[in-house]
Amino acid sequence: MLNQSKIKNQFPIFSHKKDGKPLVFLDSASSTQKPKIVIDVLKNYYETSYANVHRGIYDLSEKSTEAYEKSRKTISKFINAKSAKEIIFTRNTTESINLIAYSFGNSNINKNDEIIVSALEHHSNLVPWQELAKRKHAKLKIIPLKKDLTLDFESYKKLLTKKTKIVAITAMSNVTGTIVPIEKFVKEARKYNAKILIDGAQSVPHLKTDVQKIDCDFLVFSAHKMLGPTGVGILYGKEATLDDMPPFLYGGDMISEVKQFNSSYAELPNKFEAGTPNIADVIAFEKAIEFIEEIGLENIEKHEKSLLKYAKEKFSKYPEVKLYTPKDCKNAGGILSFTVKGIHPHDLATIFNEDNVCIRTGQHCAAPLVESLGEIALNRMSFYVYNDFNDIDIAKKSLKKALKLFK
Amino acid sequence: MDLFSETILDHYKHPSNKGSLKNPTITISEVNPLCGDKLKIDLKIDSKNRIKEIGITPQGCAISTASASLLSEKLIGKSLKEIEALTEKDIFKMLGIEINPGRIKCAMLPLVTIKKALLMKELKEKK
């Protein structure tokens with residue numbers, strides 16, 4: 001187990017109680033809380049070191065540029081990219097996927113080509129591909145889900161054809177917590193020369209990720225789901241693939257030479273970062289990565305698995321509770337979705353909220369998946385470094401209270 | 001004030017006017033995309049443009065279901081003009097509880113749905 005109280009103390013938000021009740025934060029799959037060192041960097045940077053990047057000759061601007069590029073380097077090492085040039089900053093995972101769908105998609109996908117996604121996708125890794133398929137009269141195919149809530153690999157093999165241009169799949173579902181064995185999926189896509197995008201929004205904060213080992217073309221994730229600030233998305237792409245893609249947004253900072261009627265564009269990574277970027281938040285994100293690395297991803301994974309196991313045991317004792325999680329904890333991250341018979345998720349979350357317990361309810365931006373499970377909405381608890389068994393015990397008490405009220 | 005008052009829970013567990021109507025004047029279904037709540041409302045309107053009968057098929061949370069149930073009781077005998085004049089304030093008063101911002105959509109779903117149904121009827125008659 002991690003040293004929970006020591007970790008929790010480093011997150012200022014947990015020192016604030018509501019009506020004397022401590023904060024039980026079980027919604028990290030949506031967005032995580034921030035440690036003090038991340039918040040401090042933001043404040044210090046604006047107070048002492050702020051200036052725009054890639055512009056000035058003066059010290060402040062040079063230092064800003066240096067810190068911004070240092071963060072890029074740290075991120076590239078964190079996922080074992082070959083070079084920092086392969087890291088592009090966006091606003092969030094959704095924007096990273098849209099960048100690929102527009103830039104790569106518009107220039108490589110034609111009529112009757114095929115795009116494959118899975119039944120586990122968040123709307124952000126489904127809707128951009130639906131739109132691309134419509135724009136290009138291409139075909140969208142969906143890898144089905146098996147009853148055990150894992151992806152049907154055999155069906156996937158049959159969906160792949162010579163017309164498949166890109167496979168876009170999640171490495172971990174934000175609803176069921178299912179961990180997808182992505183390396184297997186990548187190998188299969190390679191046989192057909194299809195590009196492969198991994199949505200790592202849920203996996204990168206919790207599982208060790210090595211893009212060279214996975215051998216994916218793209219990996220996308222967000223800083224705010226891993227202790228970093230909001231407004232920073234990451235797009236990793238293989239250098240050769242990114243080089244072949246046209247820019248997504250045009251304007252300042254992404255150009256090489258500009259004439260009145262024609263321009264040429266900058267090299268990677270600037271080619272994909274038009275306009276003044278989110279400098280302060282990128283710089284602060286580096287501290288979040290250092291914080292995670294200090295604890296160690298292996299320890300984080302182990303810790304979350306033990307929380308998942310504990311929560312499953314506690315919640316499955318109630319016959320009204322139905323869990324939507326792979327049977328084997330081995331196939332799942334620290335996410336537990338469930339329904340309670342007779343209590344709508346919104347009502348349950350309202351009762352949990354009275355006890356200062358934050359859970360997510362609804363369709364989790366994955367409406368087709370939730371509907372395929374036969375539910376109109378789900379409750380979801382998700383865990384991170386600052387959670388402990390006590391959090392789950394408090395949530396269980398809230399559940400008991402709700403069951404009594406709605407009896 | 002407690003959100004899950006006895007009245008709210010009672011109307012959630014045993015909604016008034018539950019079920020579909022035979023030969024309704026209008027039927028409308030509405031979805032709250034945020035939570036997936038669904039609500040179907042059947043209305044029978046008499047020649048004087050008053051609600052004669054109402055049938056609700058709720059599939060949602062306690063707040064939206066109780067709001068639909070209480071509203072269905074309130075609307076019988078009301079003229080369409082009177083319904084159009086109803087506001088968020090009236091719904092909160094009817095529910096008798098404090099609604100936090102996150103739940104306003106749940107509380108308002110039934111009235112929004114009925115108003116939409118009446119608007120559709122009006123448009124149809126104009127054609």
Side-chain angles (χ1 to χ4, degrees), chain A residues 18-19 27 30-31 122-124 126-127 130 174-175 320 322 324 337-380 398-407, chain B residues 1-16 18 28-41 56-71 88 91-92 94-113:
Chain A
K18 192 180 91 180
D19 304 326
D27 194 20
S30 176
S31 198
H122 186 282
H123 293 164
S124 61
L126 172 64
V127 183
Q130 288 175 346
N174 70 312
V175 177
E320 296 90 345
K322 194 170 174 194
Y324 289 94
S337 285
F338 62 99
T339 55
V340 182
K341 205 178 165 197
I343 310 178
H344 188 279
H346 273 45
D347 296 326
L348 194 79
T350 300
I351 294 165
F352 275 48
N353 180 52
E354 284 171 8
D355 300 327
N356 209 10
V357 178
C358 309
I359 60 166
R360 169 81 194 267
T361 57
Q363 299 193 321
H364 311 280
C365 296
L369 171 59
V370 172
E371 275 159 30
S372 76
L373 298 171
E375 299 288 354
I376 54 169
L378 297 173
N379 307 285
R380 181 186 72 189
S398 302
L399 171 67
K400 237 170 133 177
K401 194 171 97 182
L403 284 168
K404 206 174 145 197
L405 191 65
F406 275 77
K407 205 172 171 182
Chain B
M1 237 182 297
D2 203 357
L3 191 60
F4 298 107
S5 67
E6 220 170 287
T7 314
I8 297 292
L9 287 172
D10 189 40
H11 278 271
Y12 173 57
K13 289 173 198 168
H14 313 285
S16 308
K18 196 182 167 186
I28 188 160
S29 294
E30 191 67 18
V31 178
N32 181 350
L34 206 71
C35 55
D37 281 5
K38 284 177 191 149
L39 175 67
K40 182 176 88 95
I41 294 181
I56 60 167
T57 312
Q59 194 188 357
C61 66
I63 307 301
S64 76
T65 304
S67 176
S69 171
L70 284 159
L71 191 65
E88 198 172 271
I91 296 294
F92 293 172
M94 175 188 85
L95 292 169
I97 50 171
E98 246 173 64
I99 304 281
N100 62 11
R103 301 303 295 270
I104 290 175
K105 270 201 171 140
C106 314
M108 291 306 294
L109 182 68
L111 183 64
V112 168
T113 307

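Numbered from 1 within each chain, the chains take letters A, B, ... in sequence-line order. No experiment lies behind these values; they were computed from the predicted model shown. Atoms considered below: every heavy atom in the structure, side chains included; atoms not considered: hydrogens, waters and symmetry mates.
Taking OG from S64(B) and NE2 from H346(A), the interatomic distance works out to 9.5 Å, rounded to the nearest 0.5 Å. A distance of 7.0 Å separates CD1 of I376(A) from NZ of K38(B), quoted to the nearest 0.5 Å. Put simply, NE2 on H344(A) and CD1 on I63(B) are 11.0 Å apart, with the number rounded to the nearest 0.5 Å.
Using a 4.5 Å cut-off between heavy atoms, E354(A) contacts chain B through its side chain alone, with no backbone atom that close. Interface remark: L348(A) contributes no atoms to any contact with chain B (heavy atom separation under 4.5 Å).
By the 6.0 Å contact criterion, NZ on K18(A) is enclosed, its count of non-hydrogen atoms from other residues, nucleotides or ligands being greater than 12. With a 6.0 Å radius and a threshold of 12 heavy atoms from other residues, nucleotides or ligands, K18(B) has its NZ atom at or below the threshold. Counted within 6.0 Å of NZ on K40(B), heavy atoms from surrounding residues, nucleotides or ligands total more than 12; the atom is thus considered enclosed.
Of the listed residues T361(A), I351(A), V370(A), the one with more heavy-atom pairs under 4.5 angstrom with chain B than any other is I351(A).
Between the side chain of K13(B) and the main chain of G342(A), no donor-acceptor pair closer than 3.5 Å is present. Side chain of D347(A) to main chain of A62(B): a donor-acceptor pair is present (N/O by atom type, distance under 3.5 Å, no hydrogens or angles).
Contacts from residues 5-12 of chain B to chain A, taken as heavy-atom pairs separated by less than 4.5 Å, involve L9(B), Y12(B) in sequence order.
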